[in-house]
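Start at 1 and go down the list; that is how both ligands and their atoms are numbered.
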Amino acid sequence: MSIWQRLWQYPRRLRVRLTFAYLILFSAFLTLIGFVFREVLRNNMEATVREVLEEEWGAAKGYIQIEKGRLIWFYDKDDPDEALILERLRHVYLLTNAQGRVLGLSTVYRSLGIDTPAEIRKAMLPNAPKWSIRKSEDGVPFMIRSGVLVDDGKRDFYLAIGRSLGENHKTLDDFTRNYFTAMPLFLLLSMLAGWLLTGRALKPVNDLAGTAQRISGASLDVRIPQRGANDELDRLVDAFNRMMERLESSFAQIRQFSTDVSHELRTPVTAIRGQLEVALFTAQTPEQYREAMINSMQDVERLSAIIKSLLLLSQAESGQLTLQPMAQDLCAPLIDIVEQFQIPAEDGELQLNAELPVECIAEVDHIQFERLAANLIGNAVKYTPPGGRVDVRLTDDGSHVLFEVADTGQGIPDSALPYIFDRFYRVQPNDPSPEKGLGLGLSFVAWIAKAHHGTVHVESQVGKGTTFVVTLPKTQAGDGHKEVDGAA
Ligand code: ADP
C-alpha cells in the first residue's frame, strides 16, 4: 500500500473516527457548560446588586428632606458610616416631584439620560416596573431601582438610584476569556484520553483482525483468548471462535471426503486395471477374455454409479438441484417401489409388506421422494438376513406424513448411528458381498428430507432390526420451486 493510500485510509480508521466523535461531543459539552456557568454567575451577581440597591433605596427615605421645593440631604456628618452611605447614594440618583421637575441629580445619572416628565409619571403608576438597566454614554451598564417615595408631608416624589454593572461584566468577560482560552488544552487532553480509550477498547477487534489474517487452511485451530469481561467484544470473540470451530470441522469433513472419494474411485480403477492385465497377459481363450471384460464392465458400472451419485449430491448441496414439489398421492409410487423390491426380497427369503392408506396427498418432489423411499427400502432388504421381514408403513396425522421402514435385520451399532448419514460411511466398510453399497444412499435420504423441511429419525438394535421414520410436512411453505443448500 502506497503512502498516499495509507494517508487516505487513515481518517477512515475506526479509532480516528471514534476519537473525533469523542472530541466533538466533549467540545460541545464544554461549550454548553461554559455558557450555563456564565449565565448562573451573571444572575447571581445581578441578584447581589439588586439586593444592595433595594436596601439603599429603602434607606434613602431617611436621608431625604424636601423644603420649599429643595432637596436637603439629612444625616450626621460626623458619622463616617453615614457619610459613606450618603456618598454611595448620591453617586447615581435622580429625585423629581410628581410632575417630573428635577429636585436632585447626580452627574453619573445625567450621563444615563434624565427621564422626561411623561416617563416619570408612567414610572410612578402602581404597577410600573421597579428595575431597569441603562447604559451610560461611554457604554457602561447600570442597574436602576426606581419608584415612588412619600415624604413626611405625605407628598409623592420619584426617586431612582443606580449602581454600575461594569465590574460584573468585566468579571464575566474575564471568565469567558479564561475559560475559552483554556478550552483547547482541555480538548487536547480529552483527545488524548479518547485516543487511548478507543485504542484500548478496540484492541480485541485488532487482535481478532490479526488472528483472522494469520488463518490459513493449515492453521484452523487458532482461537482468540476470551478476556472475561462478558461484554460485546467478548461475544464477538466467542462468535469468531465458534465460527472457527465450525470451519475447522467443515475443513476436516472436506479433507475426509476427498480421501474417501479418491479411495472409492481407486478401488474400481485398480480392479479394472487388474482385469485388463489379465486379458492382456494371461487370457488365451475367448471365454477368458469375455470373463475379464464382464468383470471390468461391472467395475466400470460401479465407477459411473459413484460419479453419478457424487455429482447429484454435490448439485443438491450447492443448491443447483431444484425441488419441484407438487401435491400428489404418495401411495401409488410406494406401491410400485415395493413391487420392484419384491424380487430381491424373495431372493433373500424375506417378507416385504406394505401398510398404506387408501390415499395420502402431500406436496413432494416425486423424483426425490421415490429416491428416498427406494434407498430406505433397498437398505432394509439388503441388510436383513434370510427369514426376516421388512414393513413399509405410511400414515397421515393431518399436517405431516410419516413414512416408516422397519426391518428385522442386523441392526446398526449405537457407535455408528451418528455417522450413517455421512457420505461414504458404511458400518462394515469391507463387506465382501457383491451388492456392497456406496455409502451414499442415506446422505441422499437426509438431504431429501431436509429439502422438504422434514426430518429422519432412526432407531436400531443390533441383531434385532432397524426402523427409519421420515416425517414430511404435507404442504411446502413458500413457492413451489425450492432450492436447498447443505445436506441434513
Ligand atoms: P450403503 O450404500 O452402504 O447402503 P447408505 O448410506 O445407504 O449406504 O447406508 C450407510 C450404512 O448404514 C450402510 O453401509 C449400513 O452399514 C448402514 N445401514 C443403512 N440402513 C441399514 C439397515 N436398514 N439395517 C442395517 N444397517 C443399515
Which donor-acceptor pairs under 3.5 Å do the side chains of residues 335-347 make with protein atoms, sequence neighbours left out?
| unit_1 | atom_1 | unit_2 | atom_2 | d |
| --- | --- | --- | --- | --- |
| Gln342 | NE2 | Leu352 | O | 3.2 |

Which heavy atom in Pro357 sits nearest to a heavy atom in Cys331, and how many Å separate them? O-SG, 3.3 Å
Which atoms of ligand 1 have any heavy atom of Lys382 under 4.0 Å away? 1 (P), 2 (O), 4 (O)
Region of Leu442 that comes within reach of ligand 1 [heavy atoms, distance under 4.0 Å]: both
Counting the benzene-type ring for Trp, do Tyr22 and Phe29 have ring centres under 6.0 Å apart? no
Name the orientation class of the two ring planes belonging to Phe421 and Phe468 (parallel below 30°, tilted from 30 to 60°, perpendicular beyond 60°). perpendicular
At a 4.0 Å threshold, what atoms of ligand 1 neighbour a non-hydrogen atom of Tyr425? 10 (C), 11 (C)
Part of Ile412 with heavy atoms under 4.0 Å of ligand 1, whether side chain, backbone, both or neither: side chain
Can you see which heavy atom on Gly162 is nearest to which on Ile144, and at what distance? CA-CD1, 3.9 Å
Identity of the nearest option to atom 7 (O) of ligand 1, non-hydrogen atoms only, from Leu417, Ile377, Asn379: Asn379
Answer with yes or no whether Asn375 contacts ligand 1, where contact means a heavy atom under 4.0 Å from a ligand atom. no
Taking the minimum heavy-atom distance to atom 3 (O) of ligand 1, which of Tyr383, Phe421, Phe424 ranks first? Tyr383
Looking only at non-hydrogen atoms, find the nearest pair between Ile306 and Leu440 and report the distance. O-CD1, 4.5 Å
Against heavy atoms of Gly439, which atoms of ligand 1 measure under 4.0 Å? 1 (P), 2 (O), 3 (O), 6 (O), 8 (O)
Using side-chain heavy atoms (C-beta onward) and a distance below 4.5 Å, is Leu442 in contact with Tyr425? no
Arg426 versus ligand 1: do any nitrogen or oxygen atoms come within less than 3.5 Å of each other? no
Using distance alone, decide if ligand 1 has a nitrogen or oxygen within less than 3.5 Å of any nitrogen or oxygen in Val427. yes
Can you confirm whether the side chains of Gln476 and His453 place a donor and an acceptor under 3.5 Å from each other? yes
Below a 4.0 angstrom heavy-atom separation, can you tell me which part of Leu440, side chain or backbone, both or neither, approaches ligand 1? backbone
